[in-house]
Amino acid sequence: MARITAGIACSHVPAIGVAMDKGITDEPYWQPVFKGFEFSRKWNEENKPDVVFLVYNDHCTAFDSSIIPTFAIGCAAEFTPADEGFGPRPVPVVKGHQKLASHIAQSVILDEFDLTIMNEMEVDHGLTVPLSVMYGDRKPGDDWGTLVIPLAVNVVQYPAPTANRCYNLGKAIRRAIDSYPEDLNVHIYGTGGMSHQLQSERAGLINAEWDQNFMDMLVNEPDKARQIDHIEFLRETGSEGIEMVMWLVMRGALDEKVTEVHRHYHVPASNTAVGHLILENHG
Amino acid sequence: MARITAGIACSHVPAIGVAMDKGITDEPYWQPVFKGFEFSRKWNEENKPDVVFLVYNDHCTAFDSSIIPTFAIGCAAEFTPADEGFGPRPVPVVKGHQKLASHIAQSVILDEFDLTIMNEMEVDHGLTVPLSVMYGDRKPGDDWGTLVIPLAVNVVQYPAPTANRCYNLGKAIRRAIDSYPEDLNVHIYGTGGMSHQLQSERAGLINAEWDQNFMDMLVNEPDKARQIDHIEFLRETGSEGIEMVMWLVMRGALDEKVTEVHRHYHVPASNTAVGHLILENHG
Amino acid sequence: MTEKPYEDIPGTFVFDADRSREGYWLNQFCISLRLEKNRQAFRDDPEAHMSRFAMSEEQKQAVRDRDWNRLLELGGNIYYTSKLAAFDGIVFQDLAAMMSHMSRDDYRKMMVDGGRPIEGNRYKSEWEKK
Amino acid sequence: MTEKPYEDIPGTFVFDADRSREGYWLNQFCISLRLEKNRQAFRDDPEAHMSRFAMSEEQKQAVRDRDWNRLLELGGNIYYTSKLAAFDGIVFQDLAAMMSHMSRDDYRKMMVDGGRPIEGNRYKSEWEKK
Ligand SMILES: [Fe+3]
Ligand SMILES: [Fe+3]
C-alpha cells in the first residue's frame, strides 16, 4: 500500500532559487540559510520518497486573473518550470505520477472536496524552490529524483481556503493515499511562508515569535493551529504570511503525533522569514 | 436583504434551444414540450427576479480537457454565448451581477466550499436553454430581463460532486445570499437531466418512473434525495442523468418546505426526458 | 487502481480519469472543431489538422472511419466526439442511433414511444443473456 | 457589501474581490510581461502594448510613473506588479524598499536586523499616533 512517511514544511522564497541558480549560496548573506538545509538533503537522500505530494501556490504565473481555483491538483505527465518574467529557472522538468494523482483526485472529490483537475500546468518557484532545497542543484537535463503531484492553493485573492479546510483536505489526501494499492513511499510538502509582507508600506514585516509558536503548535497541537483565522495571519504575519495555510494541508495528512526530526528558522531571505520542518510519521 | 424566493429545475436539452431558434416550436413533435413552459413564462413574468443564480454544466465548451473545476462561479460582467460547433445561439449576451457573485464566492469559500472563480467565461446551451425556457424568444440585441450568476458544475468527468455535496453547497449559497444587504429578488435554477444517455449502445435510455420519483423526493424529502449515489444515477438514469446532482444545489438553497407551483414532464426531446419544476419558498 | 462499480453497466463508457488520460489528445482535437478557423483547417487538410494533436494512430483511424463507439472506447467523451459529428452535419439524435446500431427512424420511433426502457438495461449480465 | 475585518491593518492592501475587479486589466497587463514576446512588445511601444488591455487612464499613468503603491491602490496585486518591476530589472527586495519609502540600504539593513517589527504595526491606529 502507498503510505505517507513524512511531511516537510518549507518556505519557497524565489531568492533561494536565484541564489542556487547563481551559485552564490556560500556568500555570508546566504550561508546561514543553506546551512539549515544540509541536514535535510542528507535526510532526504536516506529517506527517498517515490512520490512527493507538493502543496504550493502559484504566484500569478500559471493562473492569471481569468481563473482562480481554490485547490488545483496537477494530473499531467509533466510540468514545465515557467517563465516568471526573467526566463524559466534552469531546473529539470517536473514529472508527475498520473495514476496516483487521478486516484487522489477521485477519492478526495467523492470525499466532498471540490478540486479543480489540471491536465496541463506550468509550475513556478512555489513548487521548484522546495524541490531545490531538498534535492540540491539539478540542471535542466537532470532528473529531480522523485515524481511529484502538485496541488496549487489560492492564497493570492482573498479569501484563501481556511486553515481548518486545508487541514481537513490533508486528512482526505491521507485517506486517498492509504487506499492506493501500490507500494509507494510518499512525502507531503507544505510550502510558503513564514511571516512576510511583500507589498506597500508595511513591506518587510517579520514576526519571529509568532512563527516559532506556529511551528510548535503545528507539530504538537494541530487542532489549535487549524483554528487560526485569516485576519490573524494577515495582521500578525503580513499579507503574504497567509501562505502558511498550506502547511496545514501537510500536517493534516500526517499522524496525530509526529516526530520533529529537523527545524530551521532564519531571517531574512530577501523579504521573508525562512521556516523549515521535517516531520516523521510513526505509522 | 437579498432573498431567494423560488427555485426552478429545468432540463437544458440543446434541441429545445434549436427548436426555438428555428421557430418550429408549434410542430407536433415540439408542441407538448413547449406547452408545459407556458405557465412558467407567465409565472416568471409575474415573479420577476432581479438575479438568477443559474447552476448548469459546461459541455466541453468553455472548459476543455486541460482544466476541470468541480464548481466554477462566474464573476465576470458578462458571459458570451459560445460557438458549440455550429455557430453561437442567436440569443443575448448574459449580464452578470459582479458584486453579488463576488460576495457569494467569498462567503461560500469561507464556508469551506472550494470554488473556482471565473472572471472570463463563455456559456453554452446548459445555461442559455433554461433562460430561453423561462424568458421566451430573445434576439442577440435584446436584454435577457435578468442578471445571471452562473455556477458551472463538473458532471462530464467522473466523479461529479456528490448529491449531498451539491445540496450542502445550496445551503451555503442560501446563507451567502441571505447576508447580502441589498434588496434583491433571487431565483435559483438547477438545470440538466432528467434521465438520458447520449453515448454508445445504451443511448436513448429513459427511466420515467425514476424521474417522477426523483421529482417527488426532491420536493418533499430532499434529505432522501441527497443520499442518491453516483452509481444509481449512472445505472438508473443513463450516463448523462448524473446532471441531476445540479438540481440538488437548487433544492439546498430553498426552505425545508416548499410549494410546488408547477411540474412538467415529457419524453422525448431529442434523446432526453424533459423535466421541469417551479418551487416557491414560503419565507 | 481504483474500484469501478460502474463497469457492470451495459453499453456505457463512464468517462473517468483513466479514460480521460487515454483520450486526452483525441478530445482536445475534437474540441478544436468548436472554432470555425479549426473547422476550416480540418476541412482543408484533415491529416494536417489531426497531426497538431498527439493522438495515437488508432485514434486517428477511428476519426477517419467516424467509428463513433470506437472513439469512445479509445477515451473519447461524447461531448467532444459530438463536435466531430456536428462538423459532419450529424444531429445528436442521429449520432445516438448510429452508436446504438439502429436506423434513424427506428431510433426516433423508440424515443417517441418513451425511450429505451430501463428494464433489461441495468446490468451487463442482462445483455449477455440475450 | 461585505464586512472587511482586515481594513484596519496599516500599510497593507488586502487583494479581495473588489480590488481584483478594479485591477483586472491592470493585472492582466502586468502578467502579459511574463512572456518574452510581450516584454518585447512593451519595450518597442509601451503605449501600444498597454492599449491592448482595458485599463483606466489612472492605471496607465501609474504604470508610466512606476508608482508602485498607486498601482496597488488601483487594484494591482503585488505578484502582478512585480512582473512590471522585473521588466525594469528591479529585484523584489528593492521594490519592497521603494514601496515602504526606504533607501535600498536602510531596507536591507532592517531585514538583516530581523525585519520590520510587528510591534506598532498591527493597527492603523498605531500608525496614526506616530
Ligand atoms: Fe509564495
Ligand atoms: Fe447537459
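Residue numbers begin at 1 in each chain, while the letters A, B, ... track the order of the sequences.
With a 4.5 angstrom heavy-atom cutoff, B:Thr61 touches chain C via backbone and side-chain atoms both. Looking at B:Glu232, there are no atoms closer than 4.5 Å to chain C (heavy atoms on both sides), in backbone or side chain. Of the two parts of C:Asp8, the backbone and the side chain both hold a non-hydrogen atom closer than 4.5 Å to a non-hydrogen atom of chain B. Heavy atoms closer than 4.5 Å to chain B are found in the backbone of C:Pro117, but not in its side chain. Contact annotation for B:Glu209: neither backbone nor side-chain heavy atoms come within less than 4.5 Å of a heavy atom of chain C. Residue B:Phe233: no heavy atom, backbone or side chain, is found under 4.5 Å from chain C. Contacts of C:Leu72 with chain B are made by side-chain atoms alone, with heavy-atom separations under 4.5 Å and no backbone atom involved. Contacts of C:Asn69 with chain B are made by side-chain atoms alone, with heavy-atom separations under 4.5 Å and no backbone atom involved. Only the backbone of B:Thr272 comes within less than 4.5 Å of a heavy atom in chain C; its side chain stays farther off.
Here C:Arg34 contributes atom CZ and B:Asp124 contributes atom CG; the two are 8.5 Å apart, rounded to the nearest 0.5 Å. C:Met111 CE to B:Ser270 OG: the interatomic distance, rounded to the nearest 0.5 Å, is 7.5 Å. B:Ile68 contributes atom CD1, which lies 5.0 Å from atom OG of C:Ser20 (distance to the nearest 0.5 angstrom).
For the pair B:Glu201/C:Trp127, a side-chain contact is recorded, criterion being any heavy-atom separation below 4.5 Å from C-beta on. Contact annotation: the side chain of C:Tyr6 never approaches that of B:Arg235 to less than 4.5 Å [non-hydrogen atoms, C-beta and beyond]. The shortest distance between side-chain heavy atoms of C:Arg19 and B:Tyr158 does not fall below 4.5 Å.
Using a 4.5 Å heavy-atom cut-off against chain B, the contacting residues of residues 76-108 of chain C are C:Asn77, C:Ile78, C:Tyr79, C:Tyr80, C:Lys83, C:Ala86, C:Phe92, C:Gln93, C:Ala96, C:Met99, C:Ser100, C:His101, C:Tyr107, C:Arg108. Within residues 21-29 of chain C, the residues that have a heavy atom under 4.5 Å from a heavy atom of chain B are C:Tyr24, C:Asn27, C:Gln28, listed by number.
More than 12 heavy-atom neighbours from other residues, nucleotides or ligands sit within 6.0 angstrom of NZ on C:Lys124. The 12-atom threshold is not exceeded at NZ of B:Lys22, counting heavy atoms of other residues, nucleotides or ligands nearer than 6.0 Å.
In this structure, the side chain of C:Arg39 engages the main chain of B:Gly85 through a donor-acceptor pair within 3.5 Å.
Chain C forms more heavy-atom pairs under 4.5 Å with one residue of B:Glu236, B:Glu240, B:His230, B:Glu84 than with any other, namely B:Glu236. Each of B:Leu205, B:Ile242, B:Asn207 has some count of heavy-atom pairs under 4.5 Å with chain C, and the biggest count is that of B:Leu205.
Between the side chains of B:Gln197 and C:Thr12, at least one donor N or O lies within less than 3.5 Å of an accepting N or O.
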